[in-house]
Amino acid sequence: MNLFADFDQRIKNALETLDIIKEKRSEVDFGRLTVEPPRDQSHGDVATNAAMVLAKPLGTNPRALADLISAALRDDPDVSEVSVAGPGFINIRLSTGYWQRLLAVMIAEGTDYGRSKIGAGLKANVEYVSANPTGPMHVGHCRGAVVGDALANLMGFAGYDITKEYYINDAGGQIDVLARSVFLRYREALGENIGEIPAGLYPGDYLVPVGKALADEYGPRLHNMPEEDWMPIVKDQAVAAMMVMIREDLNALNVHHDVFFSERTLHADGAKLIRAAINDLTFKGHVYKGKLPPPKGQLPEDWEDRDQTLFRSTEVGDDIDRPLIKSDGSYTYFAADVAYFKEKYDRGFDEMIYVLGADHGGYVKRLEAVARAVSDGKAKLTVLLCQLVKLYRDGEPVKMSKRSGDFVTLREVVDEVGSDSVRFMMLYRKNSEPLDFDFAKVTEQSKDNPVFYVQYAHARCMSVFRQAKDAFPDLDVDSLDFASTVGQITDSNELQLVAKLAEYPRLIESAALSQEPHRVVFYLYDLASSFHAHWNKGKEQPELRFVNDKNRELSIARLGLVRAVACVLRSGLAIAGTAAPEEMR
RNA sequence: GGUCCCAUAGCUCAGCAGGAUAGAGCGCAGGAUUCCUAAUCCUGAGGCCGAUGGUUCGAAUCCAUCUGGGAUCACCA
């Protein structure tokens, strides 16, 4: 039930009854007509630009047309007042009865209230995290993980058919490095003194148990093999071990993917899938052999001018053509990416979403080029870039250096502040905006901490129900007939709270369409704020309190309101992937 | 040099799919409150929406150029 969709229809129906419209029906288009909440609540509950948009094609002026439309709208029994303002806005005020019935619907729909079909079952693939399986996840992965996960939840709620996917970069040079690093740890486990870890290998202690496991399983056998023989064995074990670790980290952050897709799948069988993808592009005329111009600005010292197999991505929107095959004959990472996109497209996805860090901004155009070339422009590809996160501890920036291995892991952050706080704060900013994350602030138990503030609102709702049980011991709160009591909701503050809840379905749709999960979190904060404000009024005016042991029916009606608030909070918190606690301790 | 992102109150940021008098939190100023519906509350001041053009009935929002800040820029993944 979406109030604005409801009135969108009602206004269109009203328009159809007007003679001026009937006469020129074929010439007028309702496409630009909007129905939305007015900026200022004092204007009304629903506003439409209908008169301003339609005046011109109808050959009249907006104010005159607005008067005609208003007259038609006044016939609607749910409309209590219609006014024309400014250049021709039509402001509609709804009857109390309408709000009350709307509340009853919200309660009945529960946590499904706000669910939308706007995605129309479109198959969308959200790829996010995709951290290299060479070590534990570090804090830099946090934001993309949370944004991707919440976006997928949001789009799922808005009616898309969503697959959450993780691309395992388990091919290429870095995995060789990983395997060599593990092999060293294996030798160490066999009793050898390996000394300092040489530069160029991964020094982290997390590889020690992997080496030990190999020693336990194979004894000295690997040690006696040539590298080409032990390499595949060690690679498999190492990648598997890293992925176990990464999945544990993701679980700790409440991130759960549907599909883990291995890059090695693309390289299997003599790189069958990559070759197929390149052949496909070649067939479509997107591949040629040629030279790439050297990069503008400073020329790299080791620049080689040579023929390469190139993807003519400039013809599909890229700035420069991209190599598919390296000088040693192996495939570039980009070639695998082409194959991966094709694989997803062949799996039937209409839209691929990539959640990447801002440092991958330069990659966007070539991915879009891939989408155009592979799908002939039929598949949609969008990239969400997350700006960097800066960590602060008590106002001081936390220094990190990759080289020394001195980085903060995702796990450390989650263990210290909790996944709810991490997730909420990662969403409490537009993804295109850099983010400061202060350890002290996000764990603070006060209204200054938005995580706490929103969760506390939900806990308060639950607390109302506990109080209701004390006041009315015989009350079965799980089977109350709210619908017959909503007529008791007449206080203007209560009705405003209902109006706030009425914004939720529209918010879900616009957030999903614009792929901006942060909007949900901001809305939650707003809703929590309205709820807390109303609660506080109960201090000064006890008659406004939700539970009134002298008036059972009124209390039930208000419990209905509280339930509706709690459901929306729970629904939004679920999209964010954070808990809706029963109480705060 | 190319490309992408950003610029809104003193600070940190929202601003929904162009709409009316641009919002919140912190901070600041004033006031209330010791209550138990806990981890305060209410009110107020504060703005050239980076600049200039354009589209539009109407622009913080869309387009172009410029200024300032960040990211990135063959053969890595």
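The chains referred to below are lettered A, B, ... by the order of the sequence lines, with proteins before strands, and numbering in each begins at 1.
- Taking the C1' atoms as reference points, B:G70 lies 44 Å from B:G31, given to the whole Å.
- In this structure, A:Asp448 atom CG and B:U12 atom P are separated by 17 Å, rounded to whole Å.
- Straight-line distance between the P atoms of B:A77 and B:A14: roughly 36 Å, to the nearest whole Å.
- B:A71 and B:U3 make up a base pair, with Watson-Crick or G-U wobble contacts both under 3.5 Å.
- Atom name C1', nucleotides B:A9 and B:G23: the rounded distance is 10 Å, in whole Å.
- Regarding contacts with the backbone of B:A39, every side-chain N or O of A:Trp535 stays at 4.0 angstrom or more from both OP1 and OP2.
- An OP1 or OP2 oxygen of B:A77 is reached within less than 4.0 angstrom by a side-chain nitrogen or oxygen of A:Lys326.
- The distance between atom CD1 of A:Ile92 and atom P of B:A20, rounded to the nearest whole Å, is 17 Å.
- Heavy atoms from other residues, nucleotides or ligands lying under 6.0 Å from NZ of A:Lys441 number 12 at most.
- Across all strands, A:Tyr428 comes closer than 4.0 Å to no nucleic acid atom at all (heavy-atom distances).
- Base-pair partner of B:C41: B:G31 (Watson-Crick or G-U wobble, both distances under 3.5 Å).
- A:Asp526 contributes no side-chain N or O that forms a donor-acceptor pair with the base of B:A14 under 3.5 Å.
- When the side-chain nitrogen and oxygen atoms of A:Thr34 are compared with OP1 and OP2 of B:A17, none of them lie within a distance under 4.0 Å.
- Within the nucleic acid shown, A:Arg366 has no heavy atom closer than 4.0 Å to any nucleic acid atom.
- Using a 30° and 60° split on the angle between ring planes, A:His518 and A:Phe522 fall in the perpendicular class, above 60°.
- As judged by a 4.0 angstrom heavy-atom cut-off over every strand, A:Phe89 is placed among the base-contacting residues.
- The gap from the P atom of B:G47 to that of B:G10 amounts to 7 Å, rounded to the nearest Å.
- Judged by Watson-Crick or G-U wobble contacts below 3.5 Å, the nucleotide B:A60 has no partner.
- Considering only side-chain N and O atoms, A:Lys447 lies under 4.0 angstrom from the phosphate OP1 or OP2 of B:C26.
- Heavy atoms of A:Phe334 sit nowhere under 4.0 angstrom from any nucleic acid atom.
- When the P atom is used for both B:C26 and B:G2, the distance is 44 Å, rounded to whole Å.
- Here the separation of B:G15 from B:A7, taken at their P atoms, is 10 Å to the nearest Å.
- For the residue pair A:Asn169 and A:Gln174, no side-chain donor N or O sits within less than 3.5 Å of a side-chain acceptor on the partner.
- A:Arg506 forms a cation-pi arrangement with A:Phe4, by the criterion of a distance under 6.0 Å to the ring centre and an angle within 45° of the ring axis.
- Across B:U67 and B:U52, the matching P atoms stand 15 Å from one another, rounded to whole Å.
- The partner of B:G25, taking Watson-Crick or G-U wobble pairs whose two distances both stay under 3.5 Å, is B:C11.
- Taking only distance into account, the side chain of A:Tyr456 meets the base of B:A39 through a donor-acceptor pair shorter than 3.5 Å.
- Just one of A:Tyr128, A:Tyr340, A:Phe260 meets the ring pair (Phe, Tyr, Trp, His ring centres under 6.0 Å) condition when paired with A:Tyr166; it is A:Phe260.
- The environment of NZ in A:Lys390 is sparse: at most 12 heavy-atom neighbours from other residues, nucleotides or ligands sit within 6.0 Å.
- Taking the ring centre of A:Phe439 as origin, the terminal cationic atom of A:Arg393 falls inside the region bounded by 6.0 Å and 45° from the ring axis.
- With a 3.5 Å ceiling on both atom-pair distances, B:C36 lacks any Watson-Crick or G-U wobble partner.
- Taking atom CD of A:Glu540 as the reference point, atom P of B:C36 lies 13 Å away to the nearest angstrom.
- Between B:C63 and B:G18, the two P atoms lie 11 Å apart (nearest whole Å).
- Residue-level contact check: A:Leu292 touches the backbone only, with heavy atoms under 4.0 Å from sugar-phosphate atoms and none from bases.
- For the OP1/OP2 pair of B:U40 and a distance below 4.0 Å, the side-chain nitrogens and oxygens of A:Lys539 include no atom meeting the criterion.
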